[in-house]
Amino acid sequence: MRDFDETSITEAVIGRLAECDDPRFQRVMTALITHLHEFVREVKLTEPEWLTAIQFLTDVGRTCTDKRQEFILLSDTLGVSVLVITLNHPADQGSVESTVLGPFYWEGAPELPRGSNLAEGVTGEPTFYSGRVLGVDSRTLANALLDIWSGDGEGNYDMQMPAETGMRARGRIRTDAAGRYWFRSILPTFYPVPTDGPVGRMLRKMGRHPYRPGHIHMIVSAPGYPPVTTHLFVAGSQYLDSDAVFGMKQSLVAQFEQHAPGIGPDGERIDTRFYTVNYDFRLRPAGAAPPIEA
Ligand SMILES: [Fe+2]
């Protein structure tokens with residue numbers, strides 16, 4: 001038996017990791033325990049506050065379903081997601097910057113021919129996306145894959161709709177032999193992250209707004225080039241300077257050019273105003289990323 005005081009407890013808990021046979025796990029847990037204890041000491045956490053925190057995390061877990069990931073939202077709104085991403089995917093050699101995956105990625109979107117309208121039947125202003133996928137050395141990458149998703153023109157994602165809605169505004173598009181991609185979707189608008197759960201309560205308590213600037217998501221990869229999870233942000237969108245999940249990066253802001261009703265880039269007549277945007281994604285080849293310190 002041994003008694004611990006408010007500082008020796010930290011060393012005692014870390015000491016129990018002595019037999020851990022996974023050095024990386026040992027390092028991570030040692031740092032986690034050290035900072036967690038220091039946090040409790042620094043704020044002099046009260047018992048009611050500690051129980052509130054446990055109830056909050058319990059609620060976050062209970063709010064998760066197969067289509068809603070409240071823990072990702074918590075990580076996003078606390079800036080942890082973008083911190084992990086930025087550490088692991090530094091933007092160097094001119095490669096496209098990464099940003100948050102967010103809570104609405106749905107694996108297995110259909111692979112569609114170039115030029116497809118991903119947002120068939122979805123409300124929103126028609127927008128024609130095009131560009132190239134290149135290596136950081138400017139070589140064009142054929143057969144690169146863009147796994148694309150967005151909300152509708154009002155920022156509502158299919159995963160927030162009734163189950164029978166199925167996938168909307170999602171699709172996978174490959175580049176042609178010259179590394180080019182093009183597809184049609186909608187003009188993304190700003191929208192609030194879900195606020196009807198515990199993370200929403202946390203944001204209100206913090207005095208924060210829940211909005212993200214208009215953006216479309218994509219994971220871009222190519223043979224020999226690891227996937228990059230990123231967005232294109234709409235230049236001029238509201239909340240570019242105060243993204244609720246801190247995912248905004250200036251290099252990902254694209255100009256969406258407005259056009260009067262007329263013939264769209266695909267030769268089809270568009271009866272409403274529409275937009276075009278052109279953006280090239282540059283990828284870093286496998287093995288080129290700087291190693292993270294063990
Ligand atoms: Fe989003």
Side-chain angles (χ1 to χ4, degrees), residues 63-86 89 96-110 118-119 122-127 129 146-161 165-173 183-197 199-200 202-203 208-221 227-254 256 275 277 279 281:
T63 305
C64 293
T65 66
D66 59 343
K67 285 196 186 163
R68 178 164 180 175
Q69 235 304 351
E70 195 79 354
F71 271 111
I72 291 184
L73 189 58
L74 177 60
S75 165
D76 289 354
T77 50
L78 292 179
V80 179
S81 303
V82 84
L83 177 57
V84 172
I85 289 161
T86 305
H89 302 277
V96 62
E97 288 195 272
S98 298
T99 188
V100 294
L101 180 69
F104 298 124
Y105 179 58
W106 191 342
E107 211 175 327
L118 271 55
V122 169
T123 58
E125 296 189 272
T127 301
Y129 295 79
L146 288 90
D147 192 345
I148 304 150
W149 71 103
S150 74
D152 63 16
E154 289 160 9
N156 304 303
Y157 283 74
D158 50 9
M159 291 169 95
Q160 298 171 295
M161 296 171 191
T165 304
M167 285 191 177
R168 307 288 288 273
R170 294 174 192 271
R172 288 185 293 161
I173 299 277
F183 65 91
R184 176 175 165 175
S185 187
I186 49 83
L187 178 73
T189 185
F190 67 88
Y191 67 84
V193 298
T195 54
D196 58 344
V199 173
M202 178 191 78
L203 292 177
R208 285 172 53 180
H209 76 70
Y211 293 100
R212 298 213 61 208
H215 62 273
I216 183 168
H217 298 253
M218 53 267 295
I219 300 174
V220 188
S221 62
V228 177
T229 301
T230 192
H231 294 359
L232 287 186
F233 290 93
V234 180
S237 179
Q238 258 182 283
Y239 304 108
L240 275 178
D241 293 329
S242 61
D243 185 352
V245 305
F246 308 95
M248 216 297 283
K249 296 190 174 180
Q250 195 58 44
S251 67
L252 303 176
V253 176
F256 285 61
Y275 295 82
V277 57
Y279 192 90
F281 297 94

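Numbering of ligands and ligand atoms starts at 1, following listing order. Since this is a predicted model, take the numbers as computed values, not measurements.
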Which protein N, O or S atoms does the Fe ion (ligand 1) have within a distance shorter than 2.8 Å?
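Listed by chain and number, the atoms are Tyr157 OH, Tyr191 OH, His215 NE2, His217 NE2.
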Grab the two heavy atoms, one from Asp158 and one from Arg168, that are nearest each other, plus how far apart they are.
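Answer, listing the atom of Asp158 first, then Arg168: OD2-N, 2.7 Å.
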Looking only at heavy atoms, what is the nearest atom pair of Leu101 and Ile85, with distance?
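Looking at all heavy atoms of both residues, the closest pair is N-CD1, 4.4 Å.
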Parallel, tilted or perpendicular: ring planes of Tyr191 versus His215, cut at 30 and 60 degrees:
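Correct class here is tilted.
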Indicate the ring-plane relationship of Tyr239 and Tyr211, choosing parallel, tilted or perpendicular according to the 30° and 60° boundaries.
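It falls in the parallel class, under 30°.
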Applying the ring pair (Phe, Tyr, Trp, His ring centres under 6.0 Å) criterion to Tyr129, which one of Tyr279, Phe281, Tyr275, Phe256 satisfies it?
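Result: among Tyr279, Phe281, Tyr275, Phe256, Phe256 is the only option passing the ring pair (Phe, Tyr, Trp, His ring centres under 6.0 Å) with Tyr129.
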Are any side-chain N or O atoms of Arg170 and backbone N or O atoms of Trp149, one a donor and one an acceptor, separated by less than 3.5 Å?
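It does not hold such a pair.
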